[in-house]
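Just below is one structure, and these are the notes that go with it.
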Amino acid sequence: MSWFSPLDLASWPTTVESAMALQDELRPLVTPVTPPGTRFRTMAGLDSAYDDTGAVATAVVVLAAGTLRPVASAVAHGVADFPYVPGLLAFREIPATLAALEKLVSAPDLLVCDGQGIAHPRRFGLACHLGLLTGVPTIGVAKTVWGDYAEPGPQRGAATDITIGGAVVGRALRTRTGVKPVFVSVGHRIDLDTACAQVLALTPRYRLPETTRHADHLCRAALRTATGNYSGSTP
DNA sequence: GCGACAG
DNA sequence: ATCTTGTCGC
């Protein structure tokens with residue numbers, strides 16, 4: 001038995017209107033607070049890769065908090081039916097992402113998403129949606145920002161608020177000295193300070209979290225082998 | 001009307 | 001996201 005409820009594809013939005021409506025409906029359920037006693041012993045990175053035919057490969061790689069070494073991973077293949085629409089990335093990536101997560105025998109303690117949490121036009125980015133669907137703490141770590149922010153100091157660890165319409169929705173966090181910051185925002189069941197601390201723990205070497213890097217490499221490799229199997233083998 | 005717009 | 005060469009730096 002899985003550690004979370006499977007996605008109900010029958011009621012999954014297929015139009016921009018219904019997708020936005022669902023975000024507005026679910027937004028109130030987000031809990032930007034870390035439950036007492038929460039321990040992050042394992043953290044998982046998630047990422048998807050696409051090809052020109054619409055094929056998608058999503059990977060999840062679970063790392064041990066102490067060593068930052070992979071302890072589990074899974075891949076799921078599918079077809080991207082929802083187009084990429086700014087603000088609606090979740091509807092394009094969640095189906096395959098949940099399929100990959102379902103293959104894990106146990107729940108990670110934290111899901112590190114490639115995208116936004118509440119630093120989103122409707123305060124409900126991919127990380128929020130995935131958090132609600134899995135019940136697991138989630139954070140969004142984006143490479144580009146959605147909102148306003150002042151450039152943080154040059155040192156690793158320096159951070160400034162990200163605001164949208166005056167409200168603080170996340171933090172521009174410098175993970176490597178002298179390198180462009182990453183944009184962290186809460187997804188669900190975690191607070192911003194804890195989220196940033198986790199991101200720093202996951203970036204001892206590179207700008208992006210080790211979780212994201214592992215997942216990125218795995219989903220790209222998976223997509224390549226899938227494409228290769230489809231067009232160029234055993235005739 | 002014009003520009004901006006996670007991946 | 002993806003398409004792509006060289007190049008600067010540790």
Side-chain angles (χ1 to χ4, degrees), chain A residues 13 16 19-20 22-23 26-27 30 45-61 75-98 100 111-132 138-149 154 156 162-165 169-173 175-188 192 195 199 203-209 211-228 230-231:
Chain A
V16 169
M20 290 178 73
L22 180 58
Q23 293 183 323
L26 298 178
R27 182 180 52 239
V30 167
L46 306 158
D47 196 23
S48 300
Y50 303 80
D51 71 11
D52 50 26
T53 72
V56 54
T58 296
V60 51
V61 178
V75 173
H77 292 276
V79 174
D81 21 51
F82 204 97
Y84 169 65
V85 179
L88 301 179
L89 176 65
F91 298 92
R92 180 173 173 74
E93 307 215 324
I94 281 182
T97 298
L98 285 186
L111 261 33
V112 180
C113 305
D114 201 344
Q116 315 292 359
I118 63 172
H120 174 277
R122 281 172 298 286
R123 306 294 187 281
F124 197 75
L126 173 62
C128 299
H129 210 141
L130 224 35
L132 247 42
T138 58
I139 63 176
V141 179
K143 295 181 286 296
T144 60
V145 69
W146 213 328
D148 306 303
Y149 74 101
R156 162 176 157 84
I162 295 174
T163 63
I164 293 182
V169 296
R171 209 167 279 165
L173 177 64
T175 54
R176 303 306 305 164
T177 298
V179 174
K180 176 180 176 176
V182 294
F183 305 93
V184 183
S185 60
V186 163
H188 184 53
L192 188 54
V199 172
T203 52
R205 180 117 163 108
Y206 301 103
R207 176 196 178 216
L208 297 179
T211 39
T212 302
R213 293 170 48 77
H214 280 281
D216 178 77
H217 293 160
L218 183 53
C219 71
R220 291 200 199 201
L223 183 64
R224 283 197 297 271
T225 64
T227 299
Y230 181 70
S231 63

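Note that the structure is a prediction, hence the values are computed from the model and not measured. Reminder, nothing fancy here: chain letters follow the sequence lines and each chain counts from 1.
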Think [X] has a side-chain N or O under 4.0 angstrom from the OP1 or OP2 of [N]?
X: Thr144(A); N: dG7(B); result: yes
X: Arg92(A); N: dA6(B); result: no
X: Lys143(A); N: dA6(B); result: no

Is Gly87(A) touching bases, backbone alone, or none of the nucleic acid, heavy atoms closer than 4.0 Å? base
Select base, sugar-phosphate, or nothing to describe what Ala49(A) touches, counting heavy atoms under 4.0 Å on all strands. sugar-phosphate
Atom-pair distance ([atom1] on [X]; [atom2] on [N]), nearest Å:
X: Arg205(A); N: dG9(C); atom1: CZ; atom2: C1'; result: 12 Å
X: Arg220(A); N: dT2(C); atom1: CZ; atom2: C1'; result: 9 Å
X: Asp47(A); N: dA1(C); atom1: CG; atom2: P; result: 7 Å
X: Asp114(A); N: dA1(C); atom1: CG; atom2: C1'; result: 10 Å
X: Ile139(A); N: dA6(B); atom1: CD1; atom2: C1'; result: 15 Å
X: Gln23(A); N: dC5(B); atom1: CD; atom2: P; result: 18 Å
X: His120(A); N: dC5(B); atom1: NE2; atom2: C1'; result: 11 Å
X: Trp146(A); N: dG7(B); atom1: CH2; atom2: P; result: 10 Å

Could you tell me if Glu93(A) and Tyr50(A) have a donor-acceptor pair between their side chains, going purely by distance under 3.5 Å? yes
Any stacking of Tyr84(A) on dG7(B), going by centres under 5.5 angstrom and planes within less than 30 degrees? yes
Relative to the ring of Phe82(A), is the ring of Phe91(A) parallel (under 30°), tilted (30 to 60°) or perpendicular (over 60°)? tilted
Thr175(A) and side chain to side chain contact (heavy atoms under 4.5 Å, CB included): which single residue from Lys180(A), Arg205(A), Arg207(A) fits? Arg207(A)
Might you point out which heavy atoms bring Cys219(A) and Ala59(A) nearest each other, and give the distance in Å? N-CB, 3.5 Å
Is the shortest heavy-atom distance from the side chain of Val179(A) to the side chain of Arg156(A) under 4.5 Å? no
Taking the minimum atom-to-atom distance to the side chain of Ala142(A), which one of dC5(B), dA1(C), dG7(B) wins? dG7(B)
